[in-house]
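Input: a single structure, listed below in C-alpha cells.
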Amino acid sequence: MTYQDLKQEEQTYVMQTYGRFAVAIDHGEGSKVWDVENKEYIDLTSGIGVCSVGYAREELVSAISEQAGKLLHISNLFLTEPMVQTAKTLVTSCDMGKVFFANSGAEANEGAVKLARKYSYDKYGEGRSTIVTLKNSFHGRTITTLKATGQDKFHQFFFPFTEGFVYAEANNLEDVKQKADASACAVMMELIQGEGGVLPLDKAFVQDVASFCKEHDLLLIIDEVQTGIGRTGSLFCFQQYGIQPDIVTMAKGLGGGVPIGAVMAAKTCDSVLTPGTHATTFGGSPLCCAAANAVLSIVNQPDFLHEVTEKGEYIKKKLLEISHGTIKNIRGMGLMLGVIVDEEKRAELVSACMDKGVLVLTAGKDAIRLLPPLTITYEEIDEAIERVREVF
C-alpha cells in the first residue's frame with residue numbers, strides 16, 4: 001500500500017490521538033528504516049528510545065523467534081526461566097533487591113507509586129501518602145501518572161485525577177523539603193527530564209535529595225523509563241549520579257522493541273508488594289523477557305556503555321561544527337541529546353531533516369531530541385550529519 005492508501009484507512013479506522021509525520025515506515029536494519037515508497041532514513045529516534053539495539057539485530061530476532069516457538073505466554077502463577085534471568089541480571093548489575101515486571105513505563109511508575117504508599121502505610125499507617133515530583137516532569141499517560149507529571153497542560157479533560165501529588169522546582173532543594181511535609185512518603189524524579197526538554201538535573205541537588213529522603217524515611221523513586229538500559233552511557237543514569245535509589249522504574253529500551261516495563265526495588269523495600277497487592281496478566285512474559293535478556297547481553301558491557309558516551313560526544317562535536325549558530329546548545333548525556341534551537345524555527349528544521357532522510361524528535365519548547373539506537377555506527381552518524389549539513 002502507498003502512504004496515501006494507508007493514511008486514508010488510518011483516518012477511517014484508527015483514533016486520531018497522534019500528530020503523525022507524513023511517513024509510513026515499512027522495515028529497518030541497523031539504524032536505518034525505509035518507508036513504503038522505499039525512501040531511506042537514518043533514524044535518530046529509535047521509536048522514542050525503544051529500539052536500543054537497532055533494527056533487525058540478529059541476537060534479538062533469534063531470541064524472540066526461538067522463544068515464540070517454545071512458549072509465548074504462561075500465567076504468572078508459574079515460573080519461567082527468561083523472567084527469572086532478566087530479574088537476576090538487572091538486580092545484580094546495580095546492587096538492588098527484587099523486580100516486578102509490567103508492560104510499559106506508565107505501568108512501571110504506577111507500580112512504584114503503589115509500592116511507596118504501601119511501604120509507608122505498613123510502617124506508619126494512614127496519612128503519609130503524598131509523593132513529591134518535579135515541575136516539568138513526565139511520568140506517563142494513565143490517570144495516576146498524568147497527575148504525577150509536573151506539567152499543568154497534562155492536567156486537563158480527564159477529571160477527577162488521582163490525588164496525592166505535589167510539585168517542586170527542579171534543582172531547588174529547599175522547595176523539595178518544603179513540599180515533602182509530614183504527609184509525604186516519597187520523592188519521584190527523572191534524572192534527565194526527557195519530554196520536558198532533555199534537561200539533566202544537577203548532581204549535587206540529586207545527592208542532597210537522596211540524603212534528605214534517607215534522613216526522613218522517604219522512598220526515592222528514580223524514573224529511568226527513558227534514561228535507563230544504557231541510554232546515558234551507564235546501565236542506569238543514577239549510577240552516574242552517585243546515589244542508590246529505593247525504587248527504579250524502566251521500560252522503553254529494555255525490550256529492544258518488545259513491550260516490557262519493570263519496577264526494581266532496593267533490599268530495604270523489596271518485600272512490600274505481597275501476593276494479591278499487585279499483578280498484571282502480561283508482565284514478565286517469557287517472550288518479552290527473552291527479548292530483554294538479549295538486549296541486556298549486548299548493552300550491559302563496560303566497553304559498549306563507554307562507547308555510548310563517546311558517540312554522544314562525537315555527535316555533539318559534529319553538529320556544533322556545522323550549525324553556523326543555528327544550534328544554541330546541546331545538552332544531555334550519552335545518546336540522549338537535546339539540540340537547542342529557536343523555538344519558532346524548530347518545526348521547520350525537523351521537517352527539513354526528514355526531507356533529507358534523517359528522523360528526529362522534539363522535546364520541551366526548543367529542543368530537537370536525538371535518541372538514536374545505541375548501536376548506531378560512526379559511519380551512520382557521519383552520514384546523518386552530512387545529510388543535515390544544509391539544514392543547519
Side-chain angles (χ1 to χ4, degrees), residues 18-19 43-52 104-110 112 133-142 145-146 148-154 167-171 187-203 205-206 221-241 245 247-257 259-262 299 308-309 311-312 315-316 329-341 343 346 350 359-374 376:
Y18 292 95
D43 184 14
L44 303 185
T45 75
S46 64
I48 315 185
V50 168
C51 300
S52 50
S104 67
E107 286 182 65
N109 285 336
E110 289 259 356
T133 68
L134 299 183
K135 294 178 182 179
N136 205 47
S137 62
F138 182 83
H139 297 293
R141 293 280 185 174
T142 64
T145 55
L146 278 176
T149 293
Q151 299 186 55
D152 289 341
K153 67 181 180 180
F154 290 105
Y167 315 107
E169 293 282 350
N171 298 320
V187 176
M188 185 176 190
M189 304 189 297
E190 306 160 279
L191 297 178
I192 302 177
Q193 294 183 327
E195 300 295 330
V198 193
L199 298 163
L201 297 185
D202 180 74
K203 187 174 182 178
F205 165 75
V206 172
I221 306 169
I222 300 299
D223 178 345
E224 295 251 16
V225 170
Q226 192 165 150
T227 55
I229 317 302
R231 175 57 56 186
T232 65
S234 51
L235 186 61
F236 292 102
C237 191
F238 78 79
Q239 293 169 307
Q240 298 186 57
Y241 275 78
I247 304 172
V248 179
T249 60
M250 68 200 80
K252 288 191 180 291
L254 179 58
I260 184 172
V299 171
V308 169
T309 300
K311 288 175 183 175
I315 291 173
K316 288 181 188 179
N329 186 24
I330 302 178
R331 58 190 179 225
M333 297 169 62
L335 289 174
M336 182 176 179
L337 300 174
V339 180
I340 312 308
V341 298
E343 183 178 348
R346 185 176 66 173
V350 169
L359 303 182
V360 297
L361 297 163
T362 60
K365 294 181 178 180
D366 57 0
I368 296 176
R369 182 171 31 159
L370 307 182
L371 298 169
L374 305 181
I376 190 170

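Below, each value reflects all heavy atoms present in this structure, side chains not excepted, and no hydrogens, waters or symmetry copies. Predicted model, so just to flag it, every value in this text is computed and none were measured.
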Minimum-distance pair of heavy atoms, taken over all atoms of Ala262 and Leu254: CB-CD2, 4.4 Å

Might you point out which heavy atoms bring Ala367 and Gly197 nearest each other, and give the distance in Å? CB-O, 3.8 Å

Check whether Gln151 reaches the backbone of Ser137 with its side chain - one donor and one acceptor, N or O, closer than 3.5 Å. yes

How many angstroms lie between atom CD1 of Ile376 and atom NZ of Lys311, to the nearest 0.5 angstrom? 7.5 Å

For Val225, is there any backbone N or O sitting under 3.5 Å from a side-chain donor or acceptor partner on Arg231? no

Can you measure from OG (Ser104) to CZ (Arg141) and round to the nearest 0.5 angstrom? 12.5 Å

Tyr241: partners by ring pair (Phe, Tyr, Trp, His ring centres under 6.0 Å), with sequence neighbours left out: none

Lys135: partners by salt bridge (Lys or Arg N to Asp or Glu O under 4.0 Å), with sequence neighbours left out: Glu169

From Leu146 atom CG to His139 atom NE2, the distance as rounded to the nearest 0.5 Å: 11.5 Å

Could you check if a side-chain atom of Ile48 sits within less than 4.5 angstrom of a side-chain atom of Arg369, using non-hydrogen atoms only? yes

Please give me the minimum heavy-atom distance between Ala106 and Gly140, naming the atom from each residue. CB-CA, 4.1 Å

Measuring from atom OG1 of Thr149 to atom CE of Met188, what distance do you get when rounded to the nearest 0.5 angstrom? 8.0 Å

The single option from Leu371, Ile192, Leu191 passing side chain to side chain contact (heavy atoms under 4.5 Å, CB included) against Gln226: Leu371

List in chain and number order the residues that pass side chain to side chain donor-acceptor pair (under 3.5 Å) with Thr249, two or more places apart in sequence or in another chain; answer none if no residue qualifies. Asn109

Any idea which heavy atoms bring Phe138 and Glu190 closest together, and the distance? N-OE1, 3.0 Å

Decide yes or no for Asp223 and Met189: does some side-chain heavy atom of the first lie under 4.5 Å from some side-chain heavy atom of the second? no

Under the salt bridge (Lys or Arg N to Asp or Glu O under 4.0 Å) rule, collect the residues that match up with Arg331, sequence neighbours excluded. Asp366

Leu201 and Ala170 have their tightest heavy-atom pair at CD2-CB, 3.9 Å

Out of curiosity, Leu370 CG to Leu44 CG, how far, rounded to the nearest 0.5 Å? 5.5 Å

Restricting to side chain to side chain contact (heavy atoms under 4.5 Å, CB included), what partner residues turn up for Gln240, sequence neighbours left out? Thr232, Ser234, Met333

Does any part of the side chain of Lys252, heavy atoms only, come nearer than 4.5 Å to the side chain of Ile229, both counted from C-beta? no

Donor-acceptor check, side chain of Asp202 to backbone of Asn171, threshold 3.5 angstrom: yes or no? no

How close do Val198 and Ala363 get, heavy atom to heavy atom, and via which atoms? CG2-CB, 4.2 Å

Short question: side chain of Thr133, backbone of Tyr167 - any donor-acceptor pair under 3.5 Å? no

Can you sort out the partners of Val308 under side chain to side chain contact (heavy atoms under 4.5 Å, CB included), two or more places apart, ordered by chain and number? Phe304, Leu335, Leu374

